[in-house]
**Q** 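Below is a structure I'd like to ask you about.
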Amino acid sequence: MGSSEYVARPLNRTAKIYVAGHRGLVGSAIWRKLESEGFTNIIGRTSAELDLKDRGAVFEFFASEKPNYVVLAAAKVGGILANNTFPADFLSENMQIQVNTMDAALEHNVERLLFLGSSCIYPKMAPQPLKEEYLLTGQLEPTNDAYAIAKIAGILQIQSIRRQHGKAWISAMPTNLYGPGDNFSPMGSHVMPALIRRYDEAVQNGATTVVNWGSGTPLREFLHVDDMASACLFLLEHYDGPEHVNVGVGSDVTIKELSETVAQAVGYEGSMEWDASKPDGTHRKLMDVSKLTAAGWTAKIGLHEGIQQTVDWFRNNRESFRG
Ligand code: GFB
């Protein structure tokens, strides 16, 4: 980040802010964060109320609501198997959501917009930790290349709108996220909610063996979604540059270590097996978060604490969790 990109420009707490995807893991956390920070005019629409793939409806929504700020946290997301099985959906739906929302936001003069991507935008074989500048320097991980290309297009759309229209719009790329409100679908979810649900069911059923996916050797970095929400507001108020910014904790664990930690948090004492017919995905994608750290933000929620809190949330929301 060049020094001119560090700007302390508080958002107006009474201005209208639209959180696209406010029912999702990230959007709901951002909504909670904005409320706790005193924002009084937050708006959201469920996908039933507003389908962001419907270009006409999106333009009508912006014309009538005229938000000052937008957090674009709406996306079709899923774990490794969902990405690998439905690449056409991940590419098409994410492209439509992003293009429609950003085009309508531009037409209706949205002052600040934050676009959210993912660490899978980086080349599979890029050096670790992943610096922002490694974008577009090599081949992507094939299990999620379609999703990654959509997110890379979003970064380019932000940069192009900045160049052509001078907007103070920015992008953030989070590492793997987890926390309350996640999707716990056994086949479609990411690894953290999958493990929490699997081990919890094993405890309830008295099972002594669980089967996880892949080899357990890949490394992943996990960021609690409340930390992510805090980073999003921080960036909106302190960063104004064309380059996307990594958001993570700066350290990772193997999937085997993660599964042991989740087992402990859930109270599962049986054994674990690994199903090699399921994909491992990329071996490692640790974020270099030095830019964000230099700007003054670091994650606060430790992995053990975050996992325990998410397990407790899951157990308190058995009737209503997604998935
Ligand atoms: O969380 P996950 O699906 O995301 O998988 P990715 C991470 C690792 O956990 C992989 C292993 O090596 C999986 O094989 N794993 C073990 C499991 N057991 C399970 C399980 O029960 N469910 C799941 N899902 N994984 C996604 C990308 O990649 O992450 C997206 O496909 C996106 O594009 C997202 O970037 C954050 O980190 O492999």
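Heavy atoms only: backbone and side chains are in, while hydrogens, waters and symmetry mates are out. In listed order, ligands and their atoms are each counted from 1. For reference, positions follow the sequence shown, starting with 1.
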**Q** Fit a plane to each ring of Tyr122 and His244, take the angle between them on a 0 to 90° scale, and name the class: parallel (under 30°), tilted (30 to 60°) or perpendicular (over 60°).
**A**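 Taking His244 first and then Tyr122, their aromatic rings sit tilted (interplane angle of 30° to 60°).
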
**Q** Under 4.0 Å from a heavy atom of Arg198: give me the atoms of ligand 1 that qualify, with their elements.
**A**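 Within the 4.0 Å cut-off of Arg198, ligand 1 contributes 20 (C), 21 (O).
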
**Q** Should you measure from each heavy atom of Lys285, which atoms of ligand 1 turn up under 4.0 Å away?
**A**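 Reading through ligand 1 atom by atom, the close ones are 6 (P), 28 (O), 29 (O), 35 (O), 37 (O).
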
**Q** Is there a donor-acceptor pair under 3.5 Å between the side chain of Glu273 and the backbone N or O of Val210?
**A**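 No; judged by distance alone, with no hydrogens or angles, the pair does not exist.
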
**Q** Geometry only, no angles: is Trp274 polar-contacting ligand 1 at N/O separations under 3.5 Å?
**A**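 No, no N or O pair falls under 3.5 Å.
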
**Q** What side-chain donor-acceptor pairs closer than 3.5 Å can you find for residues 70-90, not counting sequence neighbours?
**A**
from: Asn83; atom 1: ND2; to: Gly78; atom 2: O; distance (Å): 2.8
from: Asn83; atom 1: ND2; to: Gly79; atom 2: O; distance (Å): 3.0
from: Thr85; atom 1: OG1; to: Leu81; atom 2: O; distance (Å): 2.5

**Q** May I ask you to list the atoms of ligand 1 that are less than 4.0 angstrom from any heavy atom of Asp280?
**A**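 Listed by number with element, the hits are 10 (C), 12 (O), 14 (O).
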
**Q** Report the part of Val191 in contact with ligand 1, treating N, CA, C, O as backbone and CB onward as side chain, heavy atoms under 4.0 Å; options are side chain, backbone, both, neither.
**A**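 Both the backbone and the side chain of Val191 come within reach of ligand 1.
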
**Q** Quick test of your reading of the structure: of Pro279, Gly281, Gly117, whose heavy atom lies closest to atom 13 (C) of ligand 1?
**A**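 The option holding the nearest heavy atom is Pro279.
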
**Q** Can you confirm, on distance only, whether ligand 1 has an N/O atom lying under 3.5 Å from any N/O atom belonging to Ile255?
**A**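 No, Ile255 has no N/O under 3.5 Å of an N/O on ligand 1.
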
**Q** I'd like to know whether the aromatic ring centres of Tyr18 and Phe61 sit less than 6.0 Å apart in this structure.
**A**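 Yes, the ring centres sit under 6.0 Å apart.
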
**Q** At less than 4.0 angstrom from any non-hydrogen atom of Asn176, what atoms of ligand 1 do you find?
**A**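 What qualifies from ligand 1 is 4 (O), 36 (C), 37 (O).
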
**Q** Taking atom OH of Tyr6 and atom NZ of Lys291, what is their separation to the nearest 0.5 Å?
**A**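 Spacing of OH (Tyr6) from NZ (Lys291) equals 8.5 Å.
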
**Q** Indicate, as side chain, backbone, both or neither, the part of Trp213 found under 4.0 angstrom from ligand 1 when only non-hydrogen atoms are considered.
**A**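 Trp213 to ligand 1: contacts from backbone and side chain alike.
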
**Q** Give the single entry among Pro186, Ser189, Gly79, Ala82 that approaches atom 24 (N) of ligand 1 most closely by any heavy atom.
**A**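 Ranked by closest heavy atom to atom 24 (N) of ligand 1, first place is Ser189.
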
**Q** Mark up the atoms of ligand 1 that fall under 4.0 Å of a heavy atom belonging to Arg220, in ascending order.
**A**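 Listed by number with element: 6 (P), 7 (C), 37 (O), 38 (O).
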
**Q** Sequence neighbours left out, what passes side-chain contact (heavy atoms from CB on, under 4.5 Å) with Lys124? Give chain and number order.
**A**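 side-chain contact (heavy atoms from CB on, under 4.5 Å) list for Lys124, sorted by chain: Glu141, Pro142, Thr282.
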
**Q** For ligand 1, which atoms have a heavy atom of Pro218 less than 4.0 angstrom away?
**A**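 Every atom of ligand 1 under 4.0 Å from some heavy atom of Pro218: 12 (O).
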
**Q** If the plane angle is over 60° it's perpendicular, under 30° parallel, otherwise tilted; pick one for Tyr178 and Phe222.
**A**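 Taking Phe222 first and then Tyr178, their aromatic rings stand perpendicular (interplane angle over 60°).
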
**Q** Ala194 heavy atoms, cut-off 4.0 Å: which ligand 1 atoms fall inside?
**A**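 Close to Ala194: 20 (C), 21 (O), 22 (N).
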
**Q** Counting heavy atoms only, which of Thr175, Ile121, Asn144, Thr143 comes nearest to atom 27 (C) of ligand 1?
**A**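 Of the listed residues, Asn144 has the closest heavy atom.
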
